[in-house]
Amino acid sequence: MKVVIAEKPSVAKELAKVFGATTVKSGYMEGKGYTFTWAFGHLIQLAAPEAYGFKGWKLENLPMLPERFKLAVKQNKVNGVMKDDPGVVKQLNVIRDLFESADEIIVATDAGREGELIFRYIYYHLKCKKPFRRLWISSQTDEAIKNGFRNLKPGSEYDTLFYSAQCRSESDWIVGLNATQALSIAAGNRSVLSMGRVQTPTLAMICARYLENKNFIPQIYYQIAIFLNKDGQVFKAISVKNFDKQEAAQKVFDQVKDVASGFTNGGDILNVEVKPRKEQPPLLHDLSSLQQEANKRKGFTADQTLGLAQTLYESKLITYPRTGSRYIGDDVFAEIPGLVVNQSEHPIFGKQAAFLQTVKLNKRCVNVKKVTDHHALLPTSNKPTYLPADQQVIYDLIAGRMLEAFHQECIKELTKISIESGSAFVANGTVVQSPGWRAVFNQADNEKEDEENPTLPKVVKGEALPVEKKELLEKQTKPKSLYNEASLLKAMETSGKEIEDDELRQAMKDTGLGTPATRASIIETLIKRDYIKREKKNLLPSEKGLAVYDLVKDKQIAQAELTGLWEKRLEEIRTGASVSDFKNEIREYARTITKELLDVGRGLNELFTPELQEGDVLCPLCKKGIVRITDKAAGCSAYASGCKFVIWRTMCEKKLTDEEIMGLIATGKTAVIKGFKSKAGNVFDASLLLSEGKAHFVFEPKGE
DNA sequence: GCAAGGTC
């Protein structure tokens, strides 16, 4: 018997269908001498530090560098305790039994690095020794599946792909877990200060943009606007030059030959330039562009959009959503006319669907070389009947984008009129002559230039027109806007584009920061860690996020380029380069970053220390308010009362043991002060311990 | 209590 294992149930079922294996069993399907089973993504993952004896978060464990990594079943948290995921265990048992009875395994996980890892981790975890061959297809049409099965590859051909995947996985573990624990421990182990190859550069991007925006000093500049009249139609022209100084602008303003200054026709038309501009339709959606569009239009978060798309996918209304490709192959293109027909009744774009049936389809999105693990998002041949409003929005974005992508160019006419009236002016206007793909959603093009005319009258070179009005405009330069989810997702995708090195940039372009499937969860992680928060549509760093950013911004772990560097090496490993060289470098880097973070992380203590104001607490002895003294250089704060007792606490002070506290209490007095709030938002109770002329505040975070 | 990567 041959056992086919897919990455997810939907793919296994598609494959089974093509083979006519229709008997449905628990966790697999069978027929015609084949069984088709599936995983749910990563069932097996690298074991947690505890598996290597690293118990708790302790300085002496760091850096954690397991000699050989162990594999473990994916875990879930149940009532605060990690347990093997029961659904995963059940499916693994199915897979184990099938593998045991198999003559041969056919690996049909997604055609990519992670797909290979998903299978190999299961295979090695089960200690399976059966021979396996690899199915490598990037679409699930019958033709592609049949072809793929006729061309199964020896499993060993993908060994180097597995090594690169394993390196990715282990490196993220080594760097992420060590850096996280190092920073958290250094900052006093009061909360999780997570770090990672993807999340930290993402945080850095948000913080850097926030600071740039906040510290931006707007420059004032001046322009002059004049309004000309052509047979009753008024249009606006702007001075060609911008002026930094008001006086210079005023001088030009005074020279304008307007009607009020006694010039009947003071605007000389020097030139009229008319240029057509063709706008190609946008590419089909991948997950990231869908998330961006849904965020821009409807304010959906990346996470919401992913969830809605997943539901539509499970209802078989759209193709696989976690795709990073915006292209399809010729096999899928053959199905497009039918899919277009399906949209003919659609209330928003049914007419355009009907129109598309009468013209030749634009093949811009058809390029099988640009199809990666999965092709671009499309509606399926199933027609939705009723959908909840939010699902409908996502469905429409996908179906509408399909119509746009195969539609015709939008043709615009750009007109530029050059005018002389004391000095040089220019009037710009754009007229859409043929909307083409823009007719699908019929939405205004929001990328119009500043001060542009909606329509311009027909004027000819050599004419002179009256200048009816003039205005002196005071303007300000604007900072780059804060990140919102749409612009952040885009920046995560293309962070490679700002890299000079060509090869690096190429490696970066295919991957970006994170993957389509994980970007939404990276954003959610940053929010969960209190590093960033949503404010209206924007993503803003918190005080905690900024403090962490400030400590790590110059380190490699905060650079988006790190992913590019890794990708380049991983690709080399895939083509046969040494695995151990890379692994050794990663270990070395983990030692370095651990040391560095342990060192600088102490600076974060400040974040977790309550801010006391004078008068907040009265000294139990002299009844006077306390004052805070901070010595930034030493990284210490002290609190002092007016009486002979000096109340103090240093930031870097060792936490007192229970015995020590009991000893203090035995000799002195205690007072408990409740509910201090630190900058990071943690609430503390403090015990004030008085002893031998000194007193200590002992802060304990609440509810941890 | 940690990463990033999949997917339900």
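We name chains A, B, ... by the order of the sequence lines, and we start the count at 1 in each one. Everything quoted here is computed from the prediction, not taken from an experiment. Computation of the quantities below employed the complete heavy-atom set of this structure, encompassing side-chain atoms and omitting hydrogens, waters and symmetry-equivalent molecules.
Among the atoms of the strands shown, only primed sugar atoms or phosphate atoms (P, OP1, OP2) are found under 4.0 Å from some heavy atom of A/I522. Base engagement by A/P49 is indicated by at least one non-hydrogen atom pair under 4.0 Å involving a base atom. Note on A/G112: nothing from the nucleic acid sits closer than 4.0 angstrom, heavy atoms only. Backbone-only engagement by A/R197 is indicated by non-hydrogen atom pairs under 4.0 Å involving sugar-phosphate atoms exclusively. A/E114 comes within contact range of the sugar-phosphate backbone alone, with a heavy-atom separation under 4.0 Å but no base atom that close. Looking at heavy-atom distances under 4.0 Å, A/T518 makes contact with a base. Here A/N178 lies out of heavy-atom contact (under 4.0 Å) with every strand. Residue contacts shown for A/V192 include a base, since a base heavy atom lies under 4.0 Å away.
For DNA chain B, the span of nucleotides reached by chain A at under 4.0 Å from its heavy atoms goes, 5' to 3', from B/dG1 to B/dC8.
For A/V24, the side chain to side chain contact (heavy atoms under 4.5 Å, CB included) partners two or more places apart in sequence, or in a different chain, are A/M29.
Partner of A/L135 under the side-chain contact (heavy atoms from CB on, under 4.5 Å) criterion, out of A/V4, A/V107, A/L15: A/L15 alone.
Among residues at least two apart or in separate chains, side-chain hydrogen bond (donor to acceptor under 3.5 Å, both in side chains) pairs with a member in residues 39-51 of chain A are A/H42-A/E114.
Under the 30°/60° scheme for interplanar angles, the aromatic rings of A/Y34 and A/F36 are found to lie parallel.
Toward the 5′ end of DNA chain B lies the nearest nucleotide of A/E50, the other residue of the pair A/I44 and A/E50 mapping further downstream. Take the nearest nucleotide of DNA chain B for A/R529 and for A/H42: the residue whose nucleotide is more 5' is A/R529.
With respect to A/E572 and A/R569, a salt bridge is recorded, a charged nitrogen being found less than 4.0 Å from a carboxylate O.
Environment of NZ in A/K583: crowded, with over 12 heavy atoms of neighbouring residues, nucleotides or ligands closer than 6.0 Å.
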